[in-house]
Protein chains: 2
Amino acid sequence: MVKKETITEKQEKTARYAKAMGHPIRMYVLELLSKQSCCYSGDLTEELPIAKSTLSQHLKELKDAGLIQGEIEAPRIKYCINRENWKEAQLLFRELFES
Amino acid sequence: MVKKETITEKQEKTARYAKAMGHPIRMYVLELLSKQSCCYSGDLTEELPIAKSTLSQHLKELKDAGLIQGEIEAPRIKYCINRENWKEAQLLFRELFES
DNA sequence: TTCTTTGTTCGTAATATACCGAACAAATGT
DNA sequence: ACATTTGTTCGGTATATTACGAACAAAGAA
């Protein structure tokens with residue numbers, strides 16, 4: 001199975017991370033979580049000028065992209081950076097910029 | 001004029017760059033241009049599996065985001081990285097990941 | 001059990017993105 | 001002047017994104 005791909009898997013992956021980071025709200029969340037350990041989405045709802053359902057969607061996108069992870073800490077959910085993928089993204093972007 | 005902003009200008013800017021990078025085609029172009037000096041869009045049309053009009057739109061987005069710049073070299077247009085903004089983006093992402 | 005808290009999912013609407021081919025514009029070549 | 005090359009813009013369509021409030025689900029508190 002010969003695939004003549006012009007776009008590499010790495011580029012696809014980097015683009016996927018970039019897309020997830022491509023919104024101010026999500027950037028805000030990522031920066032917050034990368035600095036402090038974790039947070040609850042309730043905290044974010046208070047700080048941010050959006051409905052909780054909207055925030056939920058943004059968090060889902062970040063989760064789907066693998067950049068954050070949620071841990072149930074009833075009755076709330078504690079969100080943290082997904083350190084493994086965060087590191088991967090860090091590396092991908094570093095490679096992109098340092099080339 | 002007191003503005004209670006939760007999202008910083010820096011985060012907006014980083015998100016804008018990230019959004020522009022959030023597509024495989026655009027990531028391909030950015031990586032190519034960051035490595036070599038410049039290229040012509042005709043070269044890209046041959047390599048990439050998209051119509052030239054579609055490519056033109058992607059290039060426009062990268063230009064609007066300030067990541068690349070086009071220089072007329074008739075009858076073609078030579079595209080290069082916008083080094084100044086590329087550096088800014090590099091810095092913004094480095095700060096994001098290193099915090 | 002019933003109420004409250006917390007966050008997701010649903011339904012919906014407005015806007016944005018991605019893509020194509022056709023038409024167009026600008027400049028060079030014949 | 002006319003044809004060719006190169007890339008943008010236009011018109012259209014399909015899909016994705018962003019946003020909201022309402023409804024829902026899960027789990028602890030009264």
Side-chain angles (χ1 to χ4, degrees), chain A residues 5-7 11-30 32-33 38-82, chain B residues 5-7 11-30 32-33 38-82:
Chain A
E5 291 282 359
T6 62
I7 291 170
Q11 285 161 347
E12 296 261 13
K13 207 181 259 183
T14 313
R16 223 173 302 132
Y17 282 133
K19 188 175 182 185
M21 293 193 277
H23 190 283
I25 296 278
R26 298 196 290 269
M27 187 54 68
Y28 174 86
V29 173
L30 286 173
L32 185 76
L33 290 184
C38 293
C39 82
Y40 300 97
S41 81
D43 308 338
L44 296 171
T45 314
E46 285 172 23
E47 296 166 27
L48 295 167
I50 51 168
K52 61 176 181 173
S53 54
T54 305
L55 176 63
S56 183
Q57 278 182 45
H58 283 301
L59 292 174
K60 179 168 158 44
E61 276 187 69
L62 289 173
K63 232 188 314 183
D64 290 348
L67 290 172
I68 68 170
Q69 59 198 147
E71 186 187 332
I72 294 168
E73 201 170 274
R76 297 179 293 175
I77 294 178
K78 192 173 72 175
Y79 283 102
C80 309
I81 285 281
N82 183 322
Chain B
E5 290 284 358
T6 62
I7 290 169
Q11 285 160 348
E12 296 262 15
K13 207 181 261 185
T14 313
R16 222 173 303 134
Y17 283 134
K19 189 175 183 185
M21 293 194 276
H23 190 283
I25 296 276
R26 298 196 292 267
M27 186 56 68
Y28 174 87
V29 173
L30 286 174
L32 185 75
L33 290 185
C38 294
C39 81
Y40 301 97
S41 82
D43 307 340
L44 297 170
T45 313
E46 283 172 24
E47 298 165 25
L48 295 167
I50 52 170
K52 61 176 181 170
S53 53
T54 305
L55 176 64
S56 182
Q57 279 182 44
H58 283 301
L59 293 174
K60 179 169 158 43
E61 276 187 69
L62 289 173
K63 231 187 316 180
D64 290 349
L67 289 172
I68 68 171
Q69 58 199 148
E71 187 186 333
I72 296 169
E73 200 169 273
R76 298 179 292 176
I77 293 177
K78 192 173 71 173
Y79 283 102
C80 309
I81 285 282
N82 182 323

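Remember, it's a predicted structure, so these values are computed and weren't measured experimentally. Letters go in sequence order (proteins before strands), and every chain restarts at 1.
- The nearest whole Å value for the distance from the CD atom in B:E71 to the C1' atom in D:dT6 is 16 Å.
- Contact annotation: B:Y79 reaches the phosphate of D:dT8 (side-chain N/O to OP1 or OP2, under 4.0 Å).
- The phosphate of D:dA19 has OP1 or OP2 within less than 4.0 Å of a side-chain N or O from A:H23.
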Filtered N/O pairs between nucleotides 13-16 of chain D and protein, under 3.5 Å:
none

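- With B:E61 as the fixed residue, the salt bridge (Lys or Arg N to Asp or Glu O under 4.0 Å) test singles out one of B:R26, B:R16, B:K19: B:R26.
- Here the P atom of nucleotide D:dT6 and the CG atom of B:L44 are 14 Å apart, to the nearest Å.
- A:S56 is linked by a side-chain contact (heavy atoms from CB on, under 4.5 Å) to nothing, counting only residues two or more places apart in sequence or in another chain.
- Between the CZ atom of B:R76 and the C1' atom of C:dG29 there is a distance of 15 Å, rounded to whole Å.
- The distance between atom CD1 of A:I72 and atom P of D:dA27, rounded to the nearest whole Å, is 7 Å.
- Using a 4.5 Å cut-off on side-chain heavy atoms (C-beta onward), A:P24 and B:E12 make contact.
- The interatomic distance linking B:E46 (CD) with D:dG7 (C1') rounds to 14 Å, in whole Å.
- Dashed line: the shortest gap from a side-chain N or O of A:R26 to OP1 or OP2 of D:dT18 is under 4.0 Å.
- Using a 4.0 Å cut-off on heavy atoms, the residues of residues 47-68 of chain A that approach DNA chain C are A:K52, A:S53, A:S56, listed by number.
- As a whole-Å value, the separation of B:K78 NZ from D:dT6 P is 17 Å.
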